[in-house]
Amino acid sequence: MTNKPWGRMVGVRPAKQLHTLLDKGFDYEAAFEYMHSKHGISKEKFDLLWRVAEVERPILSESSRPGLFSVYVGIPFCPTRCLYCSFPSHSLKELGKLRGQFVDTLLWEIEETAKMAAKYKLNPYTVYVGGGTPTALSPTDLKRVLSALREAFPGVLREFTVEAGRADTLTDEHLAVLSHHQVSRVSVNPQTMHGKTLELIGRCHSAEDVDRAARKVKQAKIPVLNMDLIVGLPGEDALMVRESMEQIMALAPENITLHVFSPKRASRFSEDRRQFTLPADAEVAAIHRMATEMLEKKYKPYYLYRQRDILGGQENIGFCLPGYECVYNIVMIEERHHIFGLGGGATSKIIRSDGTFMNLSNPKDVRIYIERVKDMVIGRQAELPG
Ligand code: SF4
C-alpha cells in the first residue's frame with residue numbers, strides 16, 4: 001500500500017478512468033473498490049473524482065454528439081517568461097516583432113480549418129484562445145484573430161474563452177474587442193497576490209494590476225471571469241496562500257483554478273533549481289487542503305488533471321460557481337470530440353472512429369510554425385476519419 005494521495009495512478013486524466021467505469025455501469029462502491037484495489041487511490045481523492053465526474057457527465061453526454069469539434073488557438077507570446085513556464089511562448093523582447101507575421105499565418109490556418117470542417121460536415125462547439133498570452137497581441141491584431149474565428153465558425157458557440165493571463169496586458173481597447181466578439185469567458189491569472197513572489201517568478205505585474213484587470217472584466221459584463229492560483233510557489237507558506245485566496249475570492253470570479261507547482265524540465269526553474277526552496281509534500285498537502293476548503297464554501301470542483309512532477313503528488317482543480325463550468329476544459333481533458341489546435345505549439349486531438357485518438361502538435365517555435373503551417377493543415381486533414 002502507498003501513502004500517495006492518488007496511489008499508483010499514472011496519467012494526467014484520472015476522471016477519464018472513472019468515466020470508463022461509469023460507462024460500464026459501475027456504481028460508487030464498485031468504482032471505489034476497483035480504483036482503490038487496482039491503483040491505491042485514497043478515499044479523499046476518490047470522493048473528489050466522483051464529484052467532478054458527476055458535474056462532467058451531462059456535459060460529456062452533450063459534447064459527445066457526433067459531428068462536433070472545438071478549436072484551441074495558441075498565441076505564443078508573453079511579456080516575459082515565467083520561472084516555471086514550459087509552454088510554447090516567446091517573450092516579446094525576443095520575438096515580439098514576429099507578431100504581425102504570426103497573425104497573418106494564423107488567419108490562413110483558421111480559414112483552411114473552416115473549409116475542412118465544412119467538407120467533413122463538422123460543427124463548432126467551443127473556441128478557446130490561449131497560449132502564451134493572447135492579450136500580448138495589439139488590440140488590432142487580437143481583433144483580426146477574433147473576427148476571423150467568428151467568421152470561420154459562425155453561429156452560437158457553447159463557449160468562447162480568451163486568456164488575458166498577464167493582468168498588465170489587458171487594456172480597455174482589448175476589452176472592447178473581447179466584448180464586441182461576444183467572448184464569454186476571460187481568464188486573468190495572478191498565480192499569487194504577493195508582489196515579492198510575482199517578481200521572483202518573473203511576472204512584470206503587481207497585485208494591483210490583477211485587481212484592476214479583474215474589476216474591468218466584471219464591468220465589461222463578460223459572463224465568466226476565471227482566475228488561476230498556484231500552491232507551492234517557492235517561498236510561499238500557508239498564510240501567503242490564504243491571503244492570495246482571500247483577495248482573489250473577494251473579486252468574485254465565476255471560476256477559480258487551483259494549480260499545484262510542478263517543476264518542468266524545460267523551465268528556467270529547472271536550470272537554476274538549487275536557488276529555490278520548495279515546500280515539503282506534507283506542507284503542500286496541508287496548503288492544498290486549506291485552499292480547497294476555502295473554495296468549497298462557495299464553489300464546486302468541475303474538472304481536474306495531474307502532472308508528472310506535481311508537488312506532493314496532488315492535482316490541479318478547476319472550481320466554478322454552480323452552472324459556470326468551463327466546457328472546453330472538460331472536453332479537452334476527457335477527450336470526447338475533435339480539438340483542432342491552431343497557432344503556435346497548439347495540439348490537435350483527432351478522435352478516431354474506434355474512440356482512440358491521435359495528437360498532432362504545431363511547432364512550438366513561432367518561426368518554424370510560420371514556415372510549416374501548410375504541412376500541419378494537410379496532416380490534420382489526413383487523420384480525420386471520413
Ligand atoms: S504567462 Fe503562461 S505562457 Fe506566459 S510565460 Fe507565464 S506560464 Fe508561460
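Here, residue 1 is the first one in the sequence, and each next residue gets the next number. Every number for a ligand or one of its atoms is a count from 1 in the order of the listing.
Near Thr80, meaning under 4.0 Å from one of its heavy atoms, ligand 1 places the atoms 5 (S). Numbered from 1 in the order shown, with element, the atoms of ligand 1 that lie under 4.0 Å from a heavy atom of Arg166 read 1 (S), 5 (S), 6 (Fe).
The aromatic rings of Phe69 and Phe340 sit tilted relative to each other, their planes meeting at an angle between 30° and 60°.
Sorted by chain and number, the protein atoms of type N, O or S within less than 2.8 Å of atom 8 (Fe) of ligand 1 are Cys85 SG.
In this structure, Phe319 is not a member of the same hydrophobic cluster as Met332, with clusters built from ILVMFWY side-chain heavy atoms closer than 4.5 Å.
Between Asp172 and Lys216 a salt bridge is recorded (basic side-chain N to carboxylate O distance below 4.0 Å).
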Identify all side-chain donor-acceptor contacts of residues 277-288 below 3.5 Å with residues at least two apart in sequence or on another chain.
residue, atom, partner, partner atom, Å
Asp281, OD1, Gly312, N, 3.4
His288, ND1, Gln314, OE1, 3.2
His288, NE2, Glu315, O, 3.4

Using atom types as modelled, flag every donor-acceptor pair under 3.5 Å from a side chain in residues 117-134 to any protein atom, sequence neighbours excluded.
residue, atom, partner, partner atom, Å
Tyr125, OH, Glu62, OE2, 2.5
Thr126, OG1, Ser70, OG, 2.7
Tyr128, OH, Glu163, OE2, 2.5

Check: residues 367-378 side-chain donor-acceptor pairs under 3.5 Å, at least two apart:
residue, atom, partner, partner atom, Å
Arg367, NE, Asp365, OD1, 3.0
Arg367, NH2, Asp365, OD2, 2.8
Tyr369, OH, Glu109, OE1, 2.6

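At a cut-off of 3.5 Å, with distance as the only test, a side-chain donor of Gln17 or His39 sits close to an acceptor on the other residue.
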